Amino acid sequence: MRKKVFVRILLLLIYAPSFGQNSDLPVDKDATKETVNLYRHLKRLGDKGFLFGHQDDLAYGVNWKYVPGHSDIKEVTGEYPALYGWELGRIELDHTVNIDSVPFDKMKQFIGEGYARGGVITISWHLNNPLTGGTAWQPAPGTVASILPGGEKHALYRSWLDKVAGFLQDLKGSHGEYIPVVLRLFHELNGSWFWWGGRNCTPEELKQLWHFTIQYLRDEKKVHHLLYAFNTDRFSSEEAYLERYPGDEWVDITGFDIYQANNIAKSGDFQQEFDKTLTLLEKIAGTRGKVPALTEFGYNGLTDSSWWTHIFLQTLRGHKIAYVMAWRNAGYKKDGSHEFYVPYKGQAFSDDFKKFYKDSRTLFQRDAWNEKLYF
């Protein structure tokens, strides 16, 4: 009898999928019920379409700030986005507002509103350089090493994580449940513009930082309502993407950021690279059992009248990803420049965005609600 039981267990171990592949559980095995349900829905969502998201959507837009119920997406389509992006930069310094001047108290309110509508919350963190005291965009050799266990700034980094954990633990729904959050740690980590990226640290140092950060939030601070998103900037091969990948047991969502700008400023060039990169991402996510997502994208100013339908949507039709997140609508500045990545009411090409919105594969707030992502 014992021999038969042993053989059955052995066969299960041999033929069971490896950890992280085809799993219906996120990497935090103590994740809340709502977080587990969100993860499971995101893994299957690509067959139906993709959630559409927008950074800071409820806080401000072109020519407005902090108007209750307002949203540039809603003003154009009549509906809120399905995904809301927010930013924690400066929370580590005890500031009351983040790097984009959004008050943290208001942010908590907006997050609650988005969640109550069935939407998904994703958060990034442009944390200051802990070694130099400069911004996230001030690289310095040795910064990552300085905050690893044993490093001279390790205690400071732990104190910063305490503040992040405190903010996250304040996010609760109407029944007292924690609001699930997709935490986008150390984003664009293959680029060298942030102190945690590219040539500013070794791949091994970045992996160690990733491991420590998750362990601290999950095991020390008992934060169990997070999904962890690993995202690079543009990349050209599977090997390049995985160079700093911390391991399947540390990642729930694999994504990348891409903007139509610089050497892919022409729509045709952007579409070609976007398509190839999505194909690579799908392969990586599929092999490792992860959720594929476009974690950040944009085309500032939107000067192509059919970009949303003929470039962006046409490319996405050939792929299955869970969500896309457009960057923020900061609006027009005193120097005459502008920053907006989705149309606003009255913008010249908003009609094309309405066509994009009406497509069966684009999922906005009502679709997210109907999907019952947390149940």
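The residues of the chain are indexed from 1 along the displayed sequence. Note that this is a predicted model, so its numbers are computed, not measured.
When every heavy atom of P26 is checked against every heavy atom of D252, the shortest pair comes out as CA-OD1, 3.2 Å. Nearest heavy atom pair, residue R244 against residue K207, reads O-CG, 3.8 Å. For A140 against T132, the heavy-atom pair with the smallest separation is CB-CG2, 3.6 Å. The two residues V27 and E249 have their closest heavy-atom pair at CB-O, 3.4 Å. Scanning both residues, H154 and P149, for their nearest heavy atoms gives ND1-N, 3.4 Å.
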Report task. Evaluate the ring-ring contact (aromatic ring centres under 6.0 Å, His included) criterion for residues W210 and F230: first the C-alpha distance (whole Å), next the side-chain angles of each, then the deciding distance (0.1 Å), finally the verdict. Result -> CA-CA 10 Å; W210 188 280; F230 174 90; 5.7 Å; yes
Query - Verdict with reasoning, F312 to F274, per ring-ring contact (aromatic ring centres under 6.0 Å, His included) - result: CA-CA 9 Å; F312 192 64; F274 187 33; 5.6 Å; yes
Report task. In sequence, state the C-alpha distance, the side-chain angles, and the governing distance for I111 and Y84, and then conclude on side chain to side chain contact (heavy atoms under 4.5 Å, CB included). Result -> CA-CA 8 Å; I111 287 171; Y84 301 87; over 6 Å; no
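Between W307 and Y299, the angle of the ring planes lies from 30° to 60°, which puts this pair in the tilted group. Classification of the Y332-F340 ring pair by plane angle, with boundaries at 30° and 60°, yields tilted. Using cut-offs of 30° and 60° for the angle between ring planes, the F356 and W308 rings count as tilted.
Donor-acceptor pairing under 3.5 Å is recorded for the side chains of H319 and D275. In summary, the side chains of S192 and N200 do not present any donor paired with an acceptor at a separation below 3.5 Å, with no hydrogens or angles considered. At a cut-off of 3.5 Å, with distance as the only test, no side-chain donor of H224 or D30 sits close to an acceptor on the other residue. There is no side-chain donor-acceptor pair under 3.5 Å between T309 and S306. Using a 3.5 Å distance cut-off with no hydrogens or angles, the side chains of R234 and N262 do not pair a donor with an acceptor.
Between Y115 and Y374, the gap from one ring centroid to the other is short of 6.0 Å. Aromatic rings of Y259 and W327 (six-membered ring for Trp) have centroids beyond the 6.0 Å cut-off, not under it. The ring of F194 has its center closer than 6.0 angstrom to the ring center of H187.
Scanning for side-chain hydrogen bond (donor to acceptor under 3.5 Å, both in side chains) contacts around N128 gives R90, with sequence neighbours left out.
Residues T213 and L161 have side chains in contact (heavy-atom distance under 4.5 Å, counting atoms from C-beta outward).
Of the candidates Y60, Y80, W86, W86 is the only one forming a ring-ring contact (aromatic ring centres under 6.0 Å, His included) with F110.
Around the CH2 atom of W64, the shell of radius 6.0 Å holds more than 12 heavy atoms that belong to other residues, nucleotides or ligands. The 12-atom threshold is exceeded at CG of N370, counting heavy atoms of other residues, nucleotides or ligands nearer than 6.0 Å. For Q272, the CD atom sits in a loose shell: 12 or fewer heavy atoms of surrounding residues, nucleotides or ligands are nearer than 6.0 Å. In this structure, K163 places its NZ atom where more than 12 heavy-atom neighbours from other residues, nucleotides or ligands lie under 6.0 Å away.
We find that K43 and D24 are not joined by a salt bridge, their nearest charged nitrogen and carboxylate oxygen being 4.0 Å or further apart. Looking at D351 and K354, a side-chain N of the basic residue comes within less than 4.0 Å of a carboxylate O on the acidic one, giving a salt bridge. Between D170 and K108 there is a salt bridge, since a side-chain N of the basic residue sits under 4.0 Å from a carboxylate O of the acidic one. Look at D359 and R317 and you find a salt bridge, because one of the NZ, NE, NH1 or NH2 atoms lies within 4.0 Å of a carboxylate O, short of that distance. Salt-bridge check for E87 with R328: failed, with every basic side-chain N at 4.0 Å or more from each acidic carboxylate O.
Transitive grouping of hydrophobic side chains (ILVMFWY, heavy atoms separated by less than 4.5 Å) keeps V97 and L171 in distinct clusters.
Other cluster members for F349: none, since no ILVMFWY side-chain heavy atom sits under 4.5 Å from it.
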